[in-house]
Amino acid sequence: MQQPLSIVQAFHTSCERTPEKICLIFATQKMSYAELAQAATCWAAGLRTWGLQRGARVALFLENSPTFLAAYLGIHMAGGVVVLVNTQYRQVELRHILNDAGVCLCITDPLRYAELQNVAEVLPKLLAVITMTDWNTGTLESWTDRRAIPWEVTSFTPAPIQFPQADDLAIIAYTSGTTGRSKGAMLLHRNLAANSHAVTTAWRWTAADRLLLTLPLFHVHGLCVGIHGTWLTGSTVDLRRRFDAVDVYDTLLQGNVTMFFGVPTMYTRLIAEARRRTSADQFVISSEQLTSGVLYPVRLFVSGSAPLDIQTFEEFEQLFGQRILERYGMTETLMNTTNPYEGERRPGTVGMPFPGQEARIVDVQTRQPVADGTLGEIQIRGPNVCQGYWQRPDATAEVFSADGWFSTGDLGWRSADGYYTIAGRARELIISGGYNVYPREIEEVLLTHPGVAEAAVLGLPDPDLGERVVAVIVPTPTASTAHPRLVDELVALCRVQLAAYKKPRQVFLVDSLPRNALGKVQKHLLKEQLCEV
Ligand code: MCA
Ligand code: AMP
């Protein structure tokens, strides 16, 4: 298969080839390639009528749905740049991302519209909001004069297809920064196309595949791996609003899907579901189904976004008869390395670079490449790597070497036969259920509470989420009287200000935090102490 210039072009090529083929299944809704193309061209026409300029930023603040996908394509066909927004984001994240990216238009739903309203006063760059009530209809409200008009997608005459240029900015994907404020990774159309081409080639993805996708579309795992691959190959995606272990297990039993992509938490939950059914004597996947592939034609389970432990890999193989293919990616670089489709899928490793891409390990201090088997920082180079961070030349310069290597902040090594293993992180990052959480962002919110003198946030091992967020707090001297329910107040504060998955699952009150001679909190000591509790 030839590499397209953009995913939009890839989508339309697939559409021309098989217009009647089902592209998207969502609950009871089925859309052919031609139907999705029609909806997307209507979106493009509507956005141009509204006045969207080339290069203008449009936020998608929507749950998984056909609307998300039609609007996504339509924004690109109208020359706009998509800003992805996690649907759990609340005041702090929304204020920062929408202002930082200079978002002029936000497409959302009624639930999230209410959250936007909470920060309306501090979003001066946002000109209008489109609130969709079903996949086709909604309201366009001008936020400059608060006038609202109906927004009915099919009322627009489909715009002639315009393909974005390969070098145009396609997506700004925010990824948490060590300073507490997230940075927008700038992905060009050619980055998206090149990585999807590499992924679909490596995983032998063809038009015959049907992907069960329960990942959120606002992250590159769901969107740039799951959806782009579907469109590029002209295959079908069975999209769910969210992950539910019972629903996924039942779908696997029905035998209609050929691939499933998930984060490790999804696999541990599927294992638990299989065990629950076995003990409840319910219908489970039999060994005949596994070997015959008739009722159970899934050919590929992929895991990524967080480390998959070896026990999960082995238990899954026992219960589902398949060796999970683990791969490694990052918002800034899309997919980096993969275990082989054919050949040994080695548990605990993330395989080798995708075709046409490079990886290497460098010494953390000298930045020079190290020998196989030596621990260092993983660097990535290739057509998949983003152009840097939106309006942050300082942060961009920090992560790129002069010859184009991108420093991931992940620590690891390469075996003599080329497999990469991730051993840890040079950055202070918690990965909870596949979502990245930077402690600093939560500490900043906790420190705004009058009962908090000092705060340290860290991740502790968690059997479900991989890591869970916990906070260690030194209360102010008067906190016990002024805030007798301090812990509850702190969790509530985080819930209002931040996405719910960032809220501490445990809060420990202590007299002091361990610090080194320079005054830096020694989180590794705190972690050791808490693991013993
Ligand atoms: C939801 N909650 C969480 C998480 N998810 N808490 C901690 N960590 C989480 N990951 C909270 C909710 O805020 C809510 O809190 C409660 O748990 C239940 O919410 P629910 O929606 O029912 O959650 P869930 O369905 O159990 O979600 C778990 C999940 C989900 C399915 C594992 O987190 C998920 O889809 N994760 C995938 C994330 C992802 O796509 N990452 C890719 C990033 P409350 O009850 O208080 O309201 S891209 C990336 O990393 C790179 C590029 C790569 O390599 O892929
Ligand atoms: P994000 O910033 O959300 O794109 O998350 C990217 C980070 O997720 C990487 O830098 C890694 O730390 C982590 N990650 C992704 N895939 C894996 C994996 N298979 N194993 C371990 N960590 C992973």
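For reference, positions follow the sequence shown, starting with 1.
Here the side chain of T18 pairs no donor or acceptor atom with the backbone of K21 at under 3.5 angstrom. In this structure a side-chain-to-backbone donor-acceptor pair under 3.5 Å is missing from T236 to C23. Of the possible donor and acceptor atoms, one in the side chain of H96 sits under 3.5 Å from a partner among the backbone N and O of S182. Distance alone, capped at 3.5 Å, is enough to place a donor-acceptor pair between the R425 side chain and the L429 backbone. With hydrogens and angles ignored, the 3.5 Å screen pairs no side-chain donor or acceptor of T374 with any backbone N or O of V370. With D238 contributing its side chain and R210 its backbone, the two residues share no donor-acceptor pair below 3.5 Å. Between the R381 side chain and the A359 main chain, no donor and acceptor come within less than 3.5 Å of each other. Side chain of Q497 to backbone of V92: no donor-acceptor contact under 3.5 angstrom is found. Judged by distance alone, with hydrogens and angles left aside, the side-chain atoms of E443 form a donor-acceptor pair with the main-chain N or O of V457 at under 3.5 Å.
Relative ring orientation between Y72 and H228 is described as parallel, the plane-to-plane angle staying below 30° on a 0-90° scale split at 30° and 60°. Classified by interplanar angle (parallel below 30°, tilted 30° to 60°, perpendicular above 60°), the ring pair F218/Y435 is parallel.
The ring of Y419 has its center no closer than 6.0 angstrom to the ring center of W413. Aromatic pair Y267/F260: centroids less than 6.0 angstrom apart. Ring-centre distance between F320 and Y249: below the 6.0 Å cut-off. Side-chain rings of Y328 and Y420 stay apart, their centers remaining 6.0 Å or farther from each other.
When side chains are defined from C-beta on, N256 does not count as touching T251, because their heavy atoms never get closer than 4.5 Å. Between V81 and I172 the shortest side-chain heavy-atom distance falls below 4.5 Å. At least one side-chain heavy atom of I171 sits under 4.5 Å from a side-chain heavy atom of L192. Put simply, the side chain of R346 reaches to within 4.5 Å of the side chain of S415, judged on heavy atoms. Counting heavy atoms from C-beta outward, L319 and R275 have side chains that approach closer than 4.5 Å. You'll find the side chain of E314 stays beyond 4.5 Å of the side chain of Q318, heavy atoms only. A 4.5 Å side-chain heavy-atom check between V472 and L458 finds at least one atom pair inside the cut-off. Using a 4.5 Å heavy-atom threshold, the side chains of L300 and T258 count as separate.
Residues R277 and D250 are paired through a salt bridge, judged by an N-O separation under 4.0 Å between the basic side chain and the carboxylate. Note on E428 versus K523: salt bridge recorded, some NZ/NE/NH1/NH2 to OD/OE distance being below 4.0 Å. A salt bridge does not link R345 with E326: none of the charged nitrogens is closer than 4.0 Å to a carboxylate oxygen. A salt bridge does not link R323 with E344: none of the charged nitrogens is closer than 4.0 Å to a carboxylate oxygen. With salt bridges taken as basic N to acidic carboxylate O contacts below 4.0 Å, none links R242 and E63. Ion pairing between a basic and an acidic side chain is recognised when a charged N comes within 4.0 Å of a carboxylate O; K183 and D100 show no such pairing. Residues E444 and R440 are paired through a salt bridge, judged by an N-O separation under 4.0 Å between the basic side chain and the carboxylate.
Between the CG atom in L460 and the CG atom in L465 there is a gap of 12.0 Å [rounded to 0.5 Å]. To the nearest 0.5 angstrom, H221 atom NE2 is 11.5 Å from I227 atom CD1. With values rounded to the nearest 0.5 angstrom, R367 atom CZ is found 4.5 Å from S407 atom OG. Atom NE2 of H12 sits about 6.0 Å away from atom CG of L73, to the nearest 0.5 Å. Rounded to the nearest 0.5 Å, atoms OG1 (T13) and CG (L232) are 8.5 Å apart. Rounding to the nearest 0.5 Å places CG of N384 at 10.0 Å from CD of E358.
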Ring pair (Phe, Tyr, Trp, His ring centres under 6.0 Å) evaluation trace for H76 with F163: CA-CA 8 Å; H76 283 159; F163 295 121; over 10 Å; no

Steps toward side-chain contact (heavy atoms from CB on, under 4.5 Å) verdict (T175, Y389): CA-CA 10 Å; T175 170; Y389 298 109; 4.2 Å; yes

Derivation and outcome, side-chain contact (heavy atoms from CB on, under 4.5 Å), residues N191 and V385: CA-CA 6 Å; N191 299 137; V385 179; 5.8 Å; no

Steps toward side chain to side chain donor-acceptor pair (under 3.5 Å) verdict (R427, Y438): CA-CA 9 Å; R427 332 161 256 164; Y438 273 89; 2.9 Å; yes

side-chain contact (heavy atoms from CB on, under 4.5 Å) evaluation trace for L223 with F68: CA-CA 10 Å; L223 183 66; F68 186 112; 4.1 Å; yes

Derivation and outcome, side-chain contact (heavy atoms from CB on, under 4.5 Å), residues E93 and Q88: CA-CA 9 Å; E93 296 106 338; Q88 290 197 45; over 6 Å; no

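D247 pairs in a salt bridge (charged side-chain N to carboxylate O under 4.0 Å, His left out) with only one of the listed residues (R241, R240, R269), which is R240. If you run side chain to side chain donor-acceptor pair (under 3.5 Å) between Q357 and each of N336, T333, T337, N195, only N195 comes through. No option in T233, T338, D209 other than T338 meets the side chain to side chain donor-acceptor pair (under 3.5 Å) test with W203.
Here the shortest heavy-atom pairing between T268 and T312 reads CG2-OG1, 3.6 Å. Of all heavy-atom pairs spanning V220 and A173, the tightest one is CG1-CB, 4.5 Å. Of all non-hydrogen atoms in L84 and V82, the two that sit nearest each other are CD2-CG1, 3.8 Å. Closest of all the heavy-atom pairs between W231 and Y33 is CA-OH, 3.8 Å. Taking each heavy atom of A193 and P4 in turn, the nearest pair found is CB-O, 3.4 Å. Smallest separation of non-hydrogen atoms from I430 and G459: CD1-N, 3.5 Å.
At a cut-off of 3.5 Å, with distance as the only test, no side-chain donor of R299 or Q322 sits close to an acceptor on the other residue.
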